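Please read the structure below before turning to the comments.
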Amino acid sequence: MRRPDNDPGEKILFVTSEMRDFIKAGGLGDVSAALPRVLAHEHDVRVLIPGYRAVLEAGTRMKKVGATRKHGELPACEIGELETDDGLHVLVVCNEVLFNREGSPYVNAKGIGWPDNDLRFATLSSVAADIAAGRAGLEWRPDLLHLNDWTCALAACFLHWRHQSTPSVLTIHNLAYQGIFPASAVSRIGVPEHAPELDFHGQVSYLRGGIAKADFLITVSESYAQQIVDPVHGCGMDRLLARRRHEGRLVGILNGIDPSWRPQQDDALDTPFSVGEWERRQYNTVALREELGLYPVPGPLFIFVSRMVHQKGLDLVYEAAPQIIAAGGQLAMIGRGDPLFERMATTLAKRYPGRIVARIGFEEGLAHRMFAGGDFLLMPSRYEPCGLSQMYAQAYGCLPIAHATGGLIDTIEDGVSGLLFQHARVSDLRSCLQRAFRIFAEPLLLEAMRGAAMLERHDWSRSGQRYTGIYRQLCTHEAAA
Ligand SMILES: Nc1ncnc2c1ncn2[C@@H]1O[C@H](COP(=O)(O)OP(=O)(O)O[C@H]2O[C@H](CO)[C@@H](O)[C@H](O)[C@H]2O)[C@@H](O)[C@H]1O
């Protein structure tokens, strides 16, 4: 990690509930792996993550560096520290009962939220505030907390309730996940009896608490930052968000993608390729068809790589799939999530063997090969705070077909680096599919668009600088206060 020689920069604690190095459920895992590494060029960054089994078993030696006390029903925790191969410091909140269990960070094997999620993520948040207060026995104390999503948003409230002055930034990766629990949770997590900042229609919302109390809010694209102050996309929090935006405390900063997404150098591919090496790219399409058991046909291969949840619009793909097949195309899907959407995908695959395939599961390597071999990525998301899959697809010359919403507007130029449709409804998707088939039939146009997509620069450098600017502003202000 490069830093100025004498100046380690502001000390930033980056708090997250997933990180691709250890465990990933979606886009937050990618961002939590990439952004701290970019920020470490300018700042002294530590990541704070729960000690899930996958973290404890990661094989990296962890040493115990601190501990926190019990708060209400929030249990005492040990703090471990480990260092990734490239030198990033990761602090781990260790508590056997809360975190050392098999499976996803958020849900059990049936896809239902862990029943003690209120305690688990209040504990993560409380430990972050303890570290900020210098009460965790660490030799290191952050100048600023960078929180991500509802799972640690409550840290901003703990700072407020405990009269701590450490500034906090909250990045909202997805406003629809709000950390909502019955009002009775308040007595379990040791917060003041009167905590109006958490109140959400008679229940408590950890995300709402963070939105109300963090010093600065960031969401992951400018278009989404504009959309969420509107009742249609505000998930019931639009008025509070509008107020924070009016105060100048809510901005959009587009996510980037990390340099491991390079088709010229990707261990998951048998045939790496660069812009213009379309024959080499075609080998990837042939190999992907073989790997997935799809017939070798001359038509385009559409892919869908996503969590299978309502947000991502798989039901629109389900409706439009017969049109893809009738026109000579094929469809490959990978994802997991809501059983309803998983069933839609498997039903299609059964109906069109050899033409449609569905993989239910999470396979990072296969996702890379799908971007490298697919012709078009389907992304009919109802809303999309930023979206990473479309940027990965572009980097691999697979053209995204997406609903014009949120970060998809900010990253896809219609007719140049992908295709956009205006409304998340099947008629709009169908028209866009017709455009895709026409483009596929014109190799020169297809190659020009592939080239344009691959040359899009979605790296983290500009966005990282904007985060740095915000950190400096908040830390300077705090130092002057
Ligand atoms: N079964 C599977 N196998 C392999 N890989 C899979 C997979 N299912 C999904 N992925 C991968 O997981 C990631 C998903 O990231 P997205 O940003 O597209 O969505 P997500 O909704 O999780 O993230 C939320 O947070 C991110 C980060 O801020 C925002 O970009 C986004 O809009 C917001 O909804 C991508 O890397 C995708 O390729």
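First listed ligand is number 1; within each ligand, the first listed atom is number 1. This one's a predicted model, so the numbers in the text were calculated from it and none came from an experiment.
Among E18, M379, E364, Q311, the residue whose heavy atom lies closest to atom 34 (O) of ligand 1 is Q311. Of the candidates A393, G407, G361, the one placing a heavy atom closest to atom 1 (N) of ligand 1 is G361.
Shortest contact from atom 32 (O) of ligand 1 to any protein heavy atom: E384 OE2, 2.5 Å. In this structure, atom 33 (C) of ligand 1 lies nearest to the protein heavy atom H173 O, 3.3 Å. Here the protein heavy atom with the shortest distance to atom 21 (O) of ligand 1 is R307 NH2, 2.6 Å. Looking only at heavy atoms of the protein, atom 10 (N) of ligand 1 is closest to F362 CE1, 3.8 Å. Nearest non-hydrogen protein atom to atom 37 (C) of ligand 1 is S389 OG, 3.3 Å. At the top of the distance list for atom 30 (O) of ligand 1, counting protein heavy atoms only, stands G387 N, 2.8 Å. Ranking the protein heavy atoms by distance from atom 17 (O) of ligand 1 puts L388 N, 3.1 Å first. The shortest contact between atom 23 (O) of ligand 1 and any protein heavy atom is with G27 N, 3.4 Å.
Within a 6.0 Å sphere centred on CZ of R462, heavy atoms belonging to other residues, nucleotides or ligands number 12 at most. A 6.0 Å sphere centred on CG of D230 holds more than 12 heavy atoms belonging to other residues, nucleotides or ligands. Atom OH of Y352 has more than 12 neighbouring heavy atoms from other residues, nucleotides or ligands inside a 6.0 Å radius.
The side chain of N255, and not its backbone, has at least one atom closer than 4.0 Å to an atom of ligand 1 (non-hydrogen atoms only; side chain from C-beta on). With a 4.0 Å heavy-atom cut-off, ligand 1 is reached by the side chain of D30 but not by its N, CA, C or O. Contacts between S306 and ligand 1 below 4.0 angstrom, taking non-hydrogen atoms only, involve the backbone exclusively. Of all the heavy atoms of K312, the ones lying under 4.0 Å from any atom of ligand 1 belong exclusively to the side chain.
Under a 4.0 angstrom heavy-atom cut-off, G406 registers as lying outside contact with ligand 1. Residue contact check for ligand 1: R359 places no non-hydrogen atom closer than 4.0 Å to it. Ligand 1 has K24 within reach: a non-hydrogen atom of the residue lies less than 4.0 Å from it.
At a cut-off of 3.5 Å, with distance as the only test, a side-chain donor of R120 or N117 sits close to an acceptor on the other residue. For the residue pair N148 / T16, no side-chain donor-acceptor distance below 3.5 Å is found, with atom types taken as modelled. Side chain to side chain, E42 and T468 fail the donor-acceptor criterion of an N or O pair below 3.5 Å. A donor-acceptor pair shorter than 3.5 Å can be found between the side chains of Y106 and E18.
Short contacts between ligand 1 and A367, defined as distances under 4.0 Å to a heavy atom of the residue, involve ligand atoms 4 (C), 5 (N). Residue contact check: V305 has heavy atoms under 4.0 Å from atoms 38 (O) of ligand 1. Here is the list of ligand 1 atoms found below 4.0 Å of a heavy atom in G335: 1 (N). Below 4.0 Å from some heavy atom of V31 lie the following atoms of ligand 1, by number and element: 27 (C), 28 (O). Within the listing of ligand 1, atoms 34 (O) sit less than 4.0 angstrom from a heavy atom of N174. The distance from ligand 1 to the heavy atoms of V220 drops below 4.0 Å at these ligand atoms: 28 (O). The distance from ligand 1 to the heavy atoms of G26 drops below 4.0 Å at these ligand atoms: 22 (O).
Aromatic ring pairs are classed by plane angle as parallel below 30°, tilted from 30° to 60° and perpendicular above 60°; the pair H43 and Y471 is perpendicular. Taking the six-membered ring for Trp and thresholds of 30 and 60 degrees, F371 and Y396 have ring planes inclined between 30 and 60 degrees apart. Aromatic ring orientation, F302 versus F437: tilted (interplanar angle from 30° to 60°).
Below 3.5 Å of separation, one finds an N or O of C386 facing an N or O of ligand 1. Any N or O atom pair closer than 3.5 Å counts here, and W261 shares no such pair with ligand 1.
In summary, the aromatic rings of F181 and Y206 are positioned with their centroids under 6.0 Å apart. Proximity of the aromatic rings of Y392 and W261 is defined here by a centroid distance below 6.0 angstrom, and this criterion is met.
Each of V251, I172, L250, L170 was checked for a side-chain contact (heavy atoms from CB on, under 4.5 Å) with I218, and the lone residue meeting it is V251.
The ring-ring contact (aromatic ring centres under 6.0 Å, His included) contacts involving residues 211-255 comprise nothing, where partners must be two or more places apart or lie in separate chains.
Listed by chain and number, the residues in a side-chain contact (heavy atoms from CB on, under 4.5 Å) with A321 are L331, L348, I356 (sequence neighbours excluded).
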